[in-house]
Structures are given as C-alpha cells and as structure tokens.
Amino acid sequence: MKVIIDRFEGDYAIVELDEGKILELPKELIPEAEEGDVINIEILKEETNKRKEQIKNKMNQLFID
C-alpha cells in the first residue's frame, strides 16, 4: 500500500491513502521522510514466518524437558 505524506502535525505525519482517506502515522516510523514523499507499507510474509518459527522453537526449548 502506498501513502503520500500530506503534512506533519506534532509527532505525526498526516498521510493520504490512494482512495483519499487521511490517517496519522507516527513520525518516528519514517524519520527521514518529508512532505510529498510516497511511502510504501507492505507485509513481509517471509519475515513474519521466520519470526513465528523462531518463537515456536524458543517456546519448545523452554517447555520441553
């Protein structure tokens, strides 16, 4: 999903979605961004699955004697 930074207000970037909806995004997530920048937000399924597997392995190590 791509969003466009409309402006900054305090600790938030006000971003516009493709369909015109406006949302607030914490500036600390995009520290180098400027007004007018296009930000791409995506879900990284492969990274998510790796983290799930790591957590599963840690849980197994903790609770299996």
Restricting to side-chain contact (heavy atoms from CB on, under 4.5 Å), what partner residues turn up for Glu28, sequence neighbours left out?
Pro26
Does some side-chain heavy atom of Asn49 sit less than 4.5 Å from a side-chain heavy atom of Glu53?
no
Count the heavy atoms belonging to other residues, nucleotides or ligands that lie under 6.0 Å from CG of Leu44, then report whether that count exceeds 12.
yes
For a side chain to side chain contact (heavy atoms under 4.5 Å, CB included) check, start with the C-alpha distance between Glu35 and Asp6, then their side-chain angles and the critical distance, and finish with the verdict.
CA-CA 6 Å; Glu35 289 181 8; Asp6 181 63; over 6 Å; no
Contacts of Asn40 that satisfy side-chain contact (heavy atoms from CB on, under 4.5 Å) - sequence neighbours left out:
Lys2, Glu42
More than 12 heavy atoms of other residues, nucleotides or ligands under 6.0 Å from CD of Glu19: yes or no?
yes
Could you list the cluster mates of Leu29? Members are the ILVMFWY residues connected by side-chain heavy atoms closer than 4.5 Å, either directly or through other members.
Met1, Val3, Ile5, Phe8, Val15, Leu17, Leu23, Leu25, Ile30, Ile39, Ile41
Please say yes or no: joined through hydrophobic side-chain contacts below 4.5 Å, possibly via intermediate residues, are Leu62 and Ile55 part of one cluster?
yes
N/O donor-acceptor pair under 3.5 Å between Lys27 side chain and Ala33 backbone:
no
